[in-house]
There are 2 protein chains.
Amino acid sequence: MTNQTTKMYLQIVRELRLLIQAENIKPGEKLPSERELAERLQVGRSTVREGLRSLELLGLIETKRGEGTFLTDYRKHKLVDVLATFILQDSKALEDVQVTRELHEKEAIRIVVGSSKLNQLPVWTSLLNQLTEEGSIIREDLIREILISSNNRLSLKMWFLLKQFGEHPFQGYSTLEEKGYIQKLIEAIIDGEIEQALGTFAAWTDWLSKGREII
Amino acid sequence: MTNQTTKMYLQIVRELRLLIQAENIKPGEKLPSERELAERLQVGRSTVREGLRSLELLGLIETKRGEGTFLTDYRKHKLVDVLATFILQDSKALEDVQVTRELHEKEAIRIVVGSSKLNQLPVWTSLLNQLTEEGSIIREDLIREILISSNNRLSLKMWFLLKQFGEHPFQGYSTLEEKGYIQKLIEAIIDGEIEQALGTFAAWTDWLSKGREII
DNA sequence: ATTTCAAAGTGGTCTGACCACTCAATAAAA
DNA sequence: TTTTATTGAGTGGTCAGACCACTTTGAAAT
C-alpha cells in the first residue's frame, strides 16, 4: 500500500474533504482527531499530519493543542500572506501592491457610482454628515464602505489583504484638505458622476503620495 | 525546545525562506535534502516534512522521489484547485471570481492603452499578424499579454489564480466572430483608444457569457 | 567505449514513544 | 451542599529510527 502513484498526503486532503462533506462538518466545528483519522484512513499518523499541516497553512483548518482540529471560517484564509512573504521581496513588488489595491478601489467606485441603487444608499449621506459634523472620517473608512457596497466579497477580501501588506502611511485623522477630497468624492457618488468621482479619487491619491514624498 | 509558542513547522517555513534567500536558490533549483534540513535546523525530519508538505500544497516547491525537493516557478502554484473545492461553494463566490478577474483585465487594458510606450509594443502587431495569418490566438493569449505588458506582477499573479479558479469554458480556438473582437481590441490598443478598447472588451465578455448560457 | 549493476542518496511512510496542553470527571476541602 | 484541587483521558507537537521505492552515479565487467 506504500506504493501509490498519488502521494498519500494528497489522498488525505481529498479524503478529508469527503469526510467533511459526508459528516456535514461546518466551519468552527471539530474534525476527528489525528489518531482517529489515521485509523479510519488506514495510514500513519505522520501522514495524516502532513495533510493537515498543508491545509492549516492554507488557513482551511485550525489546530489547538490539547483540544483538536477545527474547520475554519473560509473567509479568513491566509494564503496571500504566505505567498506574499515569498513573492514580494523587491521594491517593485511593494509598488505593485499599492497599485493593485488602488485598482480594486477604483473599480469599486465605478460599480457604486454607476448603479442608481448603490449610489443612493443612506450610508453616503450619513458619511457626509459625519464628515461635516465630527470630521472623523478617514480614508480607510470611506473606501471600505465603497468596497463593501460594491458587493464583491472576493475583491473586498483582496483589498483587506493588500491593505495589510502595503505601508500604512496615513492612519491618522484627516486634514482639512483631505476632507475636501472626501466630500467631493461622496458628492460625486451620490450624483452618479463617474468621471468626477474617479477624478477626485485620482487627485486624492496623488495628494497622498505627495505627502508621502515629503516625509 | 519542544515548548515553542510558534509552531515548529511554521518556523521551518520561515527558515526555509531565509535559506533560499541566503543561498540564492532560484526556481527550478534543488533545496537541501530533508535529512540535511533536519540536521541544520536541529529538528526532526517529520517536522521538516510538515513544513515542506504545506509549501508543496501551495505549489511553492516540488518534490521528486529519489531526486530531491525543488523550488518551483511561482507561476504554477496549484493552491487553487484545493481552495476551489473548499471555498467556492456558493454560486455568488464563483461569480465574484469572474468579476474580479475581469476587473484585473480591464485595468490592465487601461494601463496598456493609456501608455504611449506600452501600446506601441511590437507584440500587438505581432499578435495581429498571427491572428490574420494563422488564426490561432485564443482569448487567454491576448489577455495574458496585456496583463504582462501592464507590468504589475502582483495583478498578473492574481489573474492567474482567478483564472484557474473559475470555470474553464472556452479553452478552444476562436470562432470567426471572436476573432473580430480580438482584432478590434488589438487595434484599439495600438490606436490608444481607451473607450474603444474597453467597449470592445465589454462586448466580447458579454458575447462569451451569452454563449455560456446557451450551454 | 559500452553495458551492467550495486551502492549511496533521496523522498514516502509507518511505528512507537514522549511532551505540553485542555477539559471534564472525581475527590477533597470548605 | 458548594467550592476548590487533583487526576486522568484525550489531543496536538515533536522526535528517532526503521523500511520501502525510486533515481543517480560510478565502478566493474564486457
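The figures that follow rest on heavy atoms only: side chains count, while hydrogens, waters and symmetry mates do not. Reminder, nothing fancy here: chain letters follow the sequence lines and each chain counts from 1.
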Before you tell me yes or no, could you show the steps for A/Glu178 and A/Arg139 under salt bridge (Lys or Arg N to Asp or Glu O under 4.0 Å), namely the whole-Å CA-CA distance, both residues' side-chain angles and the distance that decides it to 0.1 Å? CA-CA 9 Å; A/Glu178 190 161 24; A/Arg139 180 179 200 281; 5.5 Å; no

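- Rounding to whole angstrom units, CZ of residue A/Arg49 and P of C/dG16 are separated by 18 Å.
- A close approach under 4.0 Å does occur between a side-chain nitrogen or oxygen of A/Thr63 and OP1 or OP2 of D/dG13.
- Contact between the side-chain N/O atoms of A/Ser46 and the OP1/OP2 oxygens of C/dT15 is not found at any separation under 4.0 Å.
- Rounding to whole angstrom units, CD1 of residue B/Ile61 and C1' of C/dG11 are separated by 11 Å.
- Within 4.0 Å (heavy atoms only), A/Thr47 reaches sugar-phosphate atoms of the nucleic acid but no base atom.
- One can place CD of B/Glu39 at 13 Å from C1' of D/dA16, the figure rounded to the nearest angstrom.
- Between B/Tyr181 and B/Trp204, the ring planes lie parallel to each other; the angle is under 30°, not in the 30° to 60° tilted range.
- B/Gln11 has its CD atom 12 Å from the P atom of D/dC15, to the nearest Å.
- Rounded to whole angstrom, the span from the CD atom of A/Gln42 across to the P atom of C/dC14 amounts to 9 Å.
- Using a 4.0 Å heavy-atom distance criterion, B/Gly66 is classed as a base contact.
- Following rounding to the nearest Å, B/Glu67 (CD) and C/dA8 (C1') show an atom-to-atom distance of 15 Å.
- On a pure distance criterion of 3.5 Å, no polar donor-acceptor pair joins the side chain of B/Arg65 and the base of C/dG9.
- When rounded to the nearest whole Å, the span between CD of A/Glu34 and P of C/dC21 equals 17 Å.
- Taking every side-chain heavy atom of A/Arg45 into account, C/dA17 is the closest of D/dT23, C/dC23, C/dA17.
- In terms of polar N and O atoms assigned as donor or acceptor, the side chain of B/Arg35 comes within less than 3.5 Å of the base of C/dG11 in a complementary pairing.
- Atom CD of B/Glu23 is surrounded by more than 12 heavy atoms from other residues, nucleotides or ligands within 6.0 Å.
- Of the residues near DNA chain D, A/Gly68 and B/Val48, the one whose nearest nucleotide (by heavy atom distance) lies more toward the 5' end is A/Gly68.
- Rounded to an integer number of Å, the gap from A/Tyr9 OH to C/dG11 P is 14 Å.
- By the 4.5 Å heavy-atom criterion applied to side chains, B/Leu185 and B/Leu142 are counted as neighbours.
- Rounded to the nearest 0.5 angstrom, B/Glu62 CD and B/Leu71 CG are separated by 10.0 Å.
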